Each structure stands twice: as structure tokens, then as C-alpha cells.
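A short write-up of the structure that comes next.
Along the sequence shown, the residues carry numbers beginning at 1. Worth saying up front: this structure is predicted, and the values here are computed from it rather than measured.
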Amino acid sequence: MKEIVAGKNDAGQRVDRFVGKAVPLLPDSLLQKYIRLKRIKINGSPAKRDARLAAGDTVQLYINDEFFEPPREENSYLKISKPKLDIVFEDDNIILLDKKPGVLCHSAGKWDYNTLVANVQAYGCQSGFWNPREENSFAPALCNRIDRNTGGIVIAAKNAEALRIINEKIRGREIDKRYLCIVHGRPSPAEGRLEGYIFKDAKKNQVYVRDRPQTGAKTAVTEYKVLRTRGELSLVECRLLTGRTHQIRAQMAHAGWPLLGDGKYGSERLNKRYGEKYQALYSYKLRFTFPTPAGALDYLRGREFTAAHVEFAEKYFPR
């Protein structure tokens, strides 16, 4: 029998999810079976799978010792001596990071020490806000993701409560994000709204925009505003009212204004003139609107943060 005492970052979790994280070698099917057989207990009483833990609860696990062997794969954050992070803002609960184009938020499969999340966890260890040896189930995590070839502000949570709140606010669309992009052409009207339907081809990792509903397609709405024009290029601010894969890139191209440097939805002929490696798209501004209570993060209500530098904007539209 093993005992695990729930800590602050474990509070509020369902017991089955907590055990799944604390004992990662235990298959979920076996975990659920052990709960039914009353071999998992909370403070000495048989646990129900949806029971919520409180800090200080003791979870007793009557399971085989083999499931407690430490994972053999080395955690990638241990390989990082100097974390590479561009921090826009940090407090006791969150970190706002300016992710550069070319950086992965998470690895596609096997852990990679070049990912943003690995560098956040290395930073957590070295700065002292996270001690993995004292945690049962929590690790610093990214609350939102940005495509590898797109840059912008990413929110990282430093504790479980912040992670839960930010995830709820993202689902409730209570965090307003604005994007900068450069497009070929001059959008007309200069300020407007693109509405359509996006169908995703998972095998090709590509989406297609349709003007009418079709089976499997989802509504996509993007607001845009032209900020500046120069020659055949326009600097545009976009706001997503829906969050579909590649939404801005696909909708702007469908409207006749493909993004500069976009090899998937843009124009190869036009892009060759500029030699850009990545699409000119950046999640450059973030505002915590929080129209509903935000608990421990309520102090962020109304605060707005902007990336210090958007290289492609400064390159083609210098002030």
C-alpha cells in the first residue's frame, strides 16, 4: 500500500484524474477497476471516481508496486541550463510569454527540450516557484497554444488554481486576443467582418473555407481592420470571434488577401518576392476582460498586455 498526501495544487481534482497523474504507469482501465474494487481510498474510506480532493487529504493506493517505478524517460526540462523565455509579464500565478515564430509550444510526440513548455518548467525549477519532487500531479503548463510558425503571447500557469481559472476564461471567451498580420493587397472595406464555414482536413492539416454550410464545416467569424498600407502590402489587425484552425490565414486568403509568407494558403509567386520563412501573423495583444468573477485572478480584470516587438511589422511598416 502507498499513501499520497494531496497538496495545494492537487485540491479540487477528481480522485481518478489525480491518481492518473500521480501514478502515470497505471493504465486508466485498471485505475477505474481498482476504484470499483475499493482499492483506492481517501482518508481511509473507499473513493468514488468523481470525488474531489482537498489539500491534506490522504489517498491510499492498494495497487502493485510495479506501477510506482519512476518513468525511465528523462524529463526534458532537466536538460536546460539557461531557459530561453521572452517574458512580457510575470506574477505569482501566471507568466505571459512572447513566443517567437519557429518555436513549438509542445512536442509532437516525444518530449523535446526546445519546446516552450519545457523551458517554462526549467525556469520554474530554477527560479523556485515549482519543485517537481514536492508535487504529485501538477507541472507548470501552457493555457493556450500558437502554431509553430506563428508568434505571439502565450499564457503559462504557475499553479493549479491559475491553470483552472485561465482555462475556464478561455473556454468562456473572456480573454480578448488581437492579431497583427501583413496581407497582399488592400482589403476593402478597410474595416469589416469575414464570415464563412471552415472544414478541416486532418490528414493534410489544412482547412478549407466555404461560403455556405456543409457537413462537417464549422462557422468562422473574423473581424479585421487595416492599420496601414504600403505598396501592395497592408498591415491588418484581426480579432477572432470563433477559434478555428488556421482561421485568419484561411479566411484572409479566401477573401483575396493572402498573408505574406504563408506557404500553405498564400501565393508562392507573391511570397518569392520577399523571401519570408514564416507567415506574417502574430498574436500581439491580450486583454483579460473577465466579465464574470475570476477568483484568485480577479486582479487581472481589464489589464492589457502587448508584445514589445513584432519583427515583420517593424520591417515592412517602420514608424
Side-chain angles (χ1 to χ4, degrees), residues 4-14 17-18 20-22 52-57 75-78 80 82-100 103-106 111 115-146 151-178 240 243 282-308:
I4 303 176
V5 178
K8 180 181 178 181
N9 282 323
D10 305 316
Q13 284 194 77
R14 281 175 31 165
R17 293 176 180 170
F18 168 79
K21 295 175 184 177
R52 301 279 176 172
L53 293 174
D57 280 347
N75 290 314
S76 60
Y77 61 82
L78 296 176
I80 302 172
K82 294 182 179 180
K84 297 178 181 179
L85 298 175
D86 189 344
I87 297 176
V88 175
F89 170 80
E90 180 180 8
D91 65 11
D92 290 340
N93 296 306
I94 65 169
I95 313 174
L96 301 185
L97 304 156
D98 187 353
K99 185 194 85 69
K100 301 305 180 184
V103 176
L104 276 170
C105 283
H106 298 88
W111 271 81
T115 60
L116 186 63
V117 69
N119 278 269
V120 168
Q121 292 176 357
Y123 175 70
C125 280
Q126 294 173 27
S127 62
F129 74 77
W130 178 56
N131 185 345
R133 294 182 179 180
E134 295 178 356
E135 296 289 346
N136 299 308
S137 62
F138 177 78
L142 307 183
C143 304
N144 61 310
R145 300 184 186 187
I146 294 178
I153 298 177
V154 175
I155 308 170
K158 297 173 72 173
N159 56 65
E161 185 176 22
L163 180 62
R164 176 185 58 79
I165 293 171
I166 292 294
N167 284 342
E168 288 178 355
K169 296 305 180 184
I170 289 174
R171 285 194 296 270
R173 306 197 69 79
E174 295 188 30
I175 298 176
D176 184 43
K177 292 183 288 184
R178 302 296 173 106
L240 298 178
Y282 218 90
S283 180
Y284 84 113
K285 185 183 293 185
L286 181 151
R287 186 169 187 268
F288 296 102
T289 57
F290 292 174
T292 63
L297 300 187
D298 210 61
Y299 64 91
L300 291 171
R301 184 191 310 275
R303 296 199 63 180
E304 183 175 281
F305 301 89
T306 305

Heavy-atom pair of closest approach, residues Asp98 and Ala308
OD2-N, 4.4 Å

Excluding sequence neighbours, so at least two apart, what forms side chain to side chain contact (heavy atoms under 4.5 Å, CB included) with Ala141?
Leu163

Ser283 versus Ile146, closest heavy-atom pair with distance:
CB-CD1, 3.9 Å

So, Asn93 side chain and Ala162 main chain: donor-acceptor pair closer than 3.5 Å or not?
no

Test side-chain contact (heavy atoms from CB on, under 4.5 Å) on Glu135 and Asn9 and set out the steps.
CA-CA 8 Å; Glu135 296 289 346; Asn9 282 323; 2.9 Å; yes

So, do Glu304 and Leu286 sit near enough that their side-chain heavy atoms are less than 4.5 Å apart?
no

Please find the pair of heavy atoms, one from Ile170 and one from Ile175, that lie closest to each other, and give the distance.
CG1-CD1, 3.8 Å

Separation of Lys177 NZ from Thr289 OG1 (nearest 0.5 Å)
12.0 Å

Are the side chain of Asp176 and the backbone of Arg287 linked by a donor-acceptor contact shorter than 3.5 Å?
no

Would you check if Leu142 and Ile155 make a side-chain contact, meaning some heavy-atom pair closer than 4.5 Å?
no

Check: Thr306 and Tyr284 side chains under 4.5 Å, non-hydrogen atoms
yes

Arg14, CZ: over 12 other non-hydrogen atoms inside 6.0 angstrom:
yes

Where Leu53 and Ala6 come nearest, the two heavy atoms and their spacing
CD1-CB, 4.4 Å

For a quick test of reading the model, state the closest non-hydrogen atom pair linking Ala157 to Phe138 and the distance between them.
O-CZ, 3.9 Å

Not counting sequence neighbours, which residues clear salt bridge (Lys or Arg N to Asp or Glu O under 4.0 Å) with Asp91? List them please.
none

Test ring pair (Phe, Tyr, Trp, His ring centres under 6.0 Å) applied to Tyr299 - qualifying residues, sequence neighbours left out
none

Going by side chain to side chain donor-acceptor pair (under 3.5 Å), name the residues that satisfy it together with Asn131, two or more places apart in sequence or in a different chain.
Glu134

Flag the pair Tyr123 / Leu97 as yes when at least one side-chain heavy-atom distance between them is below 4.5 Å, and no otherwise.
no

Hits for side chain to side chain contact (heavy atoms under 4.5 Å, CB included) against Arg303, two or more places apart or cross-chain, chain-then-number order -> Phe89, Leu300, Phe305

Heavy-atom distance under 4.5 Å between the side chains of Phe18 and Ile4, does that happen here?
yes

By side chain to side chain contact (heavy atoms under 4.5 Å, CB included) - contacts of Ala122 (at least two apart):
Tyr77, Ile80, Pro83, Gln126

Sequence neighbours excluded, which residues qualify as side chain to side chain donor-acceptor pair (under 3.5 Å) partners of Lys285?
none

Which residues pass the salt bridge (Lys or Arg N to Asp or Glu O under 4.0 Å) test with Arg145, not counting sequence neighbours?
none

Donor-acceptor pair, side chain of Asp298 and main chain of Pro293, under 3.5 angstrom
no

Nearest heavy atoms of Leu85 and Leu116, plus distance in Å:
CD2-CD1, 3.8 Å

Restricting to pairs with a member in residues 158-170, which pass salt bridge (Lys or Arg N to Asp or Glu O under 4.0 Å), not counting sequence neighbours?
Glu90-Lys158, Arg164-Glu168, Lys169-Glu174

I'd like to check the side chain to side chain donor-acceptor pair (under 3.5 Å) partners of Ser137; sequence neighbours left out, ordered by chain and number.
Asp10, Gln13

Residues which pass side chain to side chain contact (heavy atoms under 4.5 Å, CB included) with Ala54, listed by chain and number, not counting sequence neighbours:
Asp57

What pairs with Asn167 under side chain to side chain donor-acceptor pair (under 3.5 Å), at least two apart in sequence or on another chain?
none

